[in-house]
Amino acid sequence: MAQLWGGRFTRKTDELVYRFNASLSFDRRLYAQDIRGSLAHVKMLGKQGILTEEETKEITEGLNGILEDIENGKQEITGEYEDIHSFVESVLTDRIGEAGKKLHTGRSRNDQVALDMKLYIRSETEELQSLVRELLTELLKLMEKHTETIMPGFTHLQKAQPVTLAHHLGAYFEMFRRDNSRFADIRKRMNTCPLGSGALAGTTYPLDRDYTAELLGFDGPTLNSMDGVSDRDYLIELLSALSTTMMHLSRFCEEIIIWNSNEYQFVEIDDGYSTGSSIMPQKKNPDIAELIRGKTGRVYGALMGMLTTMKGIPLAYNKDMQEDKEMVFDALDTVKGCLALFTGMLSTMKFQKERMLESCRHGFTNATDAADYLVNHGVPFRDAHGIIGRLVLYCIEKNKALDDLTMEEYKAISPVFEEDIYDAVSMETCVQKRNTVGAPGPEAMKQVIQKCREYLEEQNA
Ligand code: ARG
């Protein structure tokens with residue numbers, strides 16, 4: 001076991017303790033951030049005259065060599081190292097000798113790991129945004145195609161009023177648009193550089209913290225060294241944003257599962273995104289949608305885990321914080337996988353327009369419009385509501401839709417009805433008349449779609 005410490009110890013670390021304590025198996029994924037941080041640190045040490053020009057050069061070349069060799073597979077990240085920081089420093093010293101031992105001047109693993117995680121999360125939020133943008137692009141494509149595709153809108157999972165598929169998908173566009181802005185938001189608040197915080201109380205060396213912050217693309221250095229090494233707020237924000245994205249994906253998946261059911265048949269999930277049953281030959285199951293819905297629990301778990309891990313930690317760094325990695329890495333891997341798979345499933349899914357329209361017709365989704373018709377002919381809304389309620393009851397008894405009633409049947413319930421009632425309760429009219437901003441009417445939808453298009457162009461620029 002290679003450790004960076006041991007001077008004040010008289011006995012070797014117990015093997016089990018070593019394994020329990022070590023983090024290399026999971027923080028190895030931070031190697032690029034760790035080396036990048038070290039390169040900036042060394043450059044600053046050289047500029048400040050804390051390291052000689054020669055030492056700065058040797059360390060810099062050594063670090064670049066390690067990075068290159070990890071990337072081209074010549075240097076494996078294995079062995080008995082406690083963590084990625086110990087690994088890089090030990091390999092460096094093995095390679096370049098004495099100068100390598102000076103890399104850690106004016107630094108602690110506490111500010112080092114805080115930096116590595118921030119660098120990692122910064123690029124991960126960018127990757128998340130690009131995956132969300134791909135989903136938004138797919139949604140927009142479908143919205144443009146389905147402004148006239150009529151389907152029932154639901155409340156309480158009961159058919160309510162007709163909407164269009166474009167409108168329904170547009171609701172998800174808004175949700176994922178907010179997710180996208182949440183990921184950008186996290187970056188803004190976390191973008192300060194902890195390097196130079198030392199173990200907790202800064203250092204006695206004349207470090208130029210503004211310089212390292214700038215080299216690493218931060219807005220500036222963190223302003224309190226104890227906070228610098230022990231702030232994990234941004235991870236909680238990230239996990240909260242990831243949980244929200246999963247909640248949105250999960251709701252969408254739940255709808256797709258319902259729409260894909262034998263009873264609804266509003267959509268057909270592509271064979272490539274479905275699975276079969278080992279016993280029932282007829283089955284084609286929406287496993288991918290179910291798994292995404294299921295994995296939501298696991299991401300919520302990471303958020304709860306992180307909040308709980310942090311709640312009792314006194315200032316400043318404590319080893320508890322090492323637990324942040326597996327939770328955050330797992331949540332990130334999960335959400336990125338789910339986003340990519342969901343977009344694939346959505347883009348290959350077939351929408352059964354006729355089934356949707358048929359479902360609309362047989363659920364009295366035009367009852368509100370029939371009441372509005374009476375109101376437009378001078379009947380007070382409350383009375384109109386009662387009249388249409390009776391009409392619906394009559395239809396249920398006769399197994400008819402409002403559109404199927406004869407003029408005599410209409411007149412028998414209220415003499416106010418005229419021939420134009422048929423047009424007023426047609427699904428097309430019901431949708432077309434709803435043209436206030438945010439409503440499903442094609443005119444209103446077209447304007448919203450234009451705004452969505454502009455948003456995505458801006459985001460992709
Ligand atoms: N592996 C540690 C972590 O992830 C790095 C920091 C260790 N610092 C220490 N003083 N033990 O948090």
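Since the model is a prediction, treat every value here as computed from it, not as a measurement. Heavy-atom basis, side chains included; hydrogens, waters and symmetry copies ignored.
Contact check on Glu68 versus Lys74 returns no salt bridge, with no Lys/Arg side-chain nitrogen under 4.0 Å from an Asp/Glu carboxylate oxygen. A salt bridge is defined here as a Lys NZ or Arg NE, NH1 or NH2 lying under 4.0 Å from an Asp or Glu carboxylate O, and Glu255 with Arg293 fails to meet this definition. Under the 4.0 Å criterion applied to side-chain N and carboxylate O atoms, Glu138 and Lys141 are assigned as salt-bridge partners.
The environment of NZ in Lys398 is sparse: at most 12 heavy-atom neighbours from other residues, nucleotides or ligands sit within 6.0 Å. No more than 12 heavy atoms of other residues, nucleotides or ligands sit less than 6.0 Å from atom CG of Leu223. Residue-environment remark: CD (Gln75) exceeds the threshold of 12 foreign heavy atoms within 6.0 Å. Atom CD of Gln265 has more than 12 neighbouring heavy atoms from other residues, nucleotides or ligands inside a 6.0 Å radius.
With Asn285 contributing its side chain and Asp287 its backbone, the two residues share no donor-acceptor pair below 3.5 Å. At distances below 3.5 Å, not a single donor-acceptor pair connects side-chain atoms of Asp231 with backbone N or O atoms of Asp227. A donor-acceptor distance shorter than 3.5 angstrom exists from the side chain of Asp27 to the backbone of Ile84, with no hydrogens or angles considered. Remark: side-chain polar atoms of Asp83 are paired, donor with acceptor, to backbone N or O of Ser86 under 3.5 angstrom. Checking side-chain atoms of Asn435 against main-chain N and O of Gln432 turns up a donor-acceptor pair under 3.5 Å. Of the possible polar contacts, one joining the Asn376 side chain to the Asp372 backbone as a donor-acceptor pair under 3.5 Å is found. In this structure, the side chain of Thr164 engages the main chain of His167 through a donor-acceptor pair within 3.5 Å. At least one donor-acceptor pair closer than 3.5 Å links the side chain of Asn318 to the backbone N or O of Ala316. Within the 3.5 Å criterion, the main-chain N or O of Gly272 finds a donor-acceptor partner in the side chain of Asp270. Using modelled atom types, no side-chain atom of Thr365 and backbone atom of Arg361 make a donor-acceptor pair closer than 3.5 Å.
When all heavy atoms of Gly170 and Met143 are compared, the pair lying nearest together is CA-CE, 3.6 Å. Considering all non-hydrogen atoms of both residues, Val379 and Ala384 come closest at CG1-N, 3.7 Å. Scanning all heavy atoms of the two residues, the minimum distance from Gly198 to Ser108 falls at C-CB, 3.3 Å. Closest of all the heavy-atom pairs between Val299 and Ser243 is O-OG, 3.7 Å. In plain terms, the two heavy atoms of Ala340 and Leu131 that are nearest each other are CB-CD2, 4.2 Å. The nearest pair of heavy atoms linking Ile388 to Ala370 is CD1-CB, 3.6 Å.
The aromatic rings of Phe342 and Phe176 sit tilted, their planes meeting at an angle between 30° and 60°. Below 30°, between 30° and 60°, or above 60°: for Phe252 and Tyr172 the angle between ring planes is below 30°, a parallel geometry. Ring planes of Tyr81 and Phe87: perpendicular class, angle over 60° (limits at 30 and 60°).
By the 4.5 Å heavy-atom criterion applied to side chains, Thr309 and Met321 are not counted as neighbours. Side-chain atoms of Ile413 and Leu405, non-hydrogen and from C-beta on, never get closer than 4.5 Å to each other. Here the side chains of Arg232 and Ile236 are not in contact, with every heavy-atom distance at 4.5 Å or above. Looking at heavy atoms from C-beta onward, Phe329 lies in side-chain contact with Leu30 at the 4.5 angstrom threshold. Using a 4.5 Å heavy-atom threshold, the side chains of Cys193 and Leu115 count as touching. Contact annotation: the side chain of Gln161 approaches that of Arg434 to within less than 4.5 Å [non-hydrogen atoms, C-beta and beyond]. Between Asn191 and Arg122, some side-chain heavy-atom pair lies under the 4.5 Å cut-off. Residues Leu238 and Val328 form a side-chain contact, since some pair of their non-hydrogen atoms from C-beta on lies under 4.5 Å apart.
Tyr273 OH to Leu346 CG: the interatomic distance, rounded to the nearest 0.5 Å, is 10.0 Å. Leu249 CG to Glu254 CD: the interatomic distance, rounded to the nearest 0.5 Å, is 13.5 Å. If you take CE on Met44 and OG1 on Thr212, they are separated by 4.5 Å, rounding to the nearest 0.5 Å. Distance check: Phe154 CZ to His168 NE2 gives 8.5 Å after rounding to the nearest 0.5 Å. The SG atom of Cys338 sits 3.5 Å away from atom CE of Met246, with the distance rounded to the nearest 0.5 Å. Considering OG1 of Thr308 and CE of Met304, their distance stands at 7.0 Å, rounded to 0.5 Å.
Side-chain contact check for Ser426 and Thr429: at least one donor-acceptor pair (N or O, by modelled atom type) lies under 3.5 Å. Counted by atom type alone, Thr125 and Arg187 present one or more donor-acceptor pairs between their side chains at under 3.5 Å. A donor-acceptor pair shorter than 3.5 Å cannot be found between the side chains of Asp271 and Ser274. Side-chain N/O atoms of Asn260 and Glu268 include no donor and acceptor closer than 3.5 Å. One side chain, Ser38 or Arg107, offers a donor N or O that lies under 3.5 Å from an acceptor on the other. Under the 3.5 Å distance criterion, with hydrogens and angles disregarded, a donor-acceptor pair is assigned to the side chains of Tyr120 and Arg29. Between the side chains of Ser277 and Lys284, no donor-acceptor pair of N or O atoms lies under 3.5 Å. Judged purely by distance below 3.5 Å, without hydrogens or angles, the side chains of Glu409 and Thr406 pair a donor atom with an acceptor atom. Between the side chains of Glu71 and Tyr31, at least one donor-acceptor pair of N or O atoms lies under 3.5 Å. In this model, no donor atom of one side chain and acceptor atom of the other lie less than 3.5 Å apart for Gln447 and Glu443. Arg36 and Gln33 form no side-chain donor-acceptor contact under 3.5 Å, judged by distance and modelled atom types alone. In the model, Arg133 has no side-chain atom that pairs as donor or acceptor with a side-chain atom of Asn180 under 3.5 Å. A donor-acceptor pair shorter than 3.5 Å can be found between the side chains of Asp420 and Tyr373. For Thr78 and Arg28, the side-chain atoms include no donor-acceptor pair closer than 3.5 Å. Side-chain atoms of Lys319 and Asn21 form a donor-acceptor pair, as typed in the model, at a separation below 3.5 Å.
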- Task: Start with the C-alpha distance between Arg109 and Gln112, add both sets of side-chain angles, then the distance that settles side-chain hydrogen bond (donor to acceptor under 3.5 Å, both in side chains), and finish with yes or no.
- Result: CA-CA 5 Å; Arg109 277 184 298 163; Gln112 192 178 353; over 6 Å; no

- Report the C-alpha separation of Asp185 and Arg182 in whole Å, then their side-chain angles, then the decisive distance to 0.1 Å, and conclude whether the salt bridge (charged side-chain N to carboxylate O under 4.0 Å, His left out) test is met. CA-CA 5 Å; Asp185 228 32; Arg182 259 186 286 272; over 6 Å; no

- So Ser250 and Lys295, side-chain hydrogen bond (donor to acceptor under 3.5 Å, both in side chains) or not? Walk me through it. CA-CA 9 Å; Ser250 186; Lys295 282 178 191 291; over 6 Å; no

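For the pair Arg177 and Tyr455, the cation-pi test (distance below 6.0 Å, angle within 45°) is passed.
Ring centroid separation for the pair Tyr410 and Tyr394 does not come in under the 6.0 Å cut-off.
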